Amino acid sequence: MPKSRIRKKADYTPPAAKQTTALKLTSRAWVAPVMLALFLIGLAWIVVFYVTDGKLPIDDLGNWNIVVGFGFIAAGFGVSTQWK
């Protein structure tokens, strides 16, 4: 019985190197200070409201002052999504 031919495998050729494009990263140095400032303003707003028995920061808002404080905190979380 004749012997079958042995096929030669081609040598490994690595794929061509991809050229990387330089990404322009803008400075996000403003994010952390703004985020922390919004957190602290919101916290201070709520604390001042409770300490003054609702007389400050804005008397006419009443219990809506709590919503304003949490609004500042929520805005801080919104800004935090921009942090890299």
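Starting from 1, each residue takes its place in the sequence as its number. Every value quoted in this text rests on a predicted model; they were computed, and no experiment measured them.
Placement of M35 and F70 within a single hydrophobic cluster is found when ILVMFWY residues are connected by side-chain heavy-atom separations under 4.5 Å, directly or transitively. Hydrophobic clustering of Ile, Leu, Val, Met, Phe, Trp and Tyr side chains at less than 4.5 Å, counting indirect connections, unites Y50 with I73. Residues F49 and L43 fall into different hydrophobic clusters, defined by Ile, Leu, Val, Met, Phe, Trp and Tyr side chains chained together at heavy-atom separations under 4.5 Å.
Its side chain outside the 4.5 Å cluster rule for every partner, L40 clusters with none of the Ile, Leu, Val, Met, Phe, Trp and Tyr residues.
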Residues 74-83, side-chain donor-acceptor partners within the protein, below 3.5 Å, at least two apart:
residue: S80; atom: OG; partner: F77; partner atom: O; Å: 2.6
residue: T81; atom: OG1; partner: G78; partner atom: O; Å: 2.7
residue: Q82; atom: OE1; partner: R28; partner atom: NH1; Å: 2.9

Could you list the donor-acceptor pairs under 3.5 angstrom formed by side chains in residues 58-68, with sequence neighbours left out?
residue: N65; atom: OD1; partner: W45; partner atom: NE1; Å: 3.2
residue: N65; atom: ND2; partner: I58; partner atom: O; Å: 2.8
residue: N65; atom: ND2; partner: G62; partner atom: O; Å: 3.0

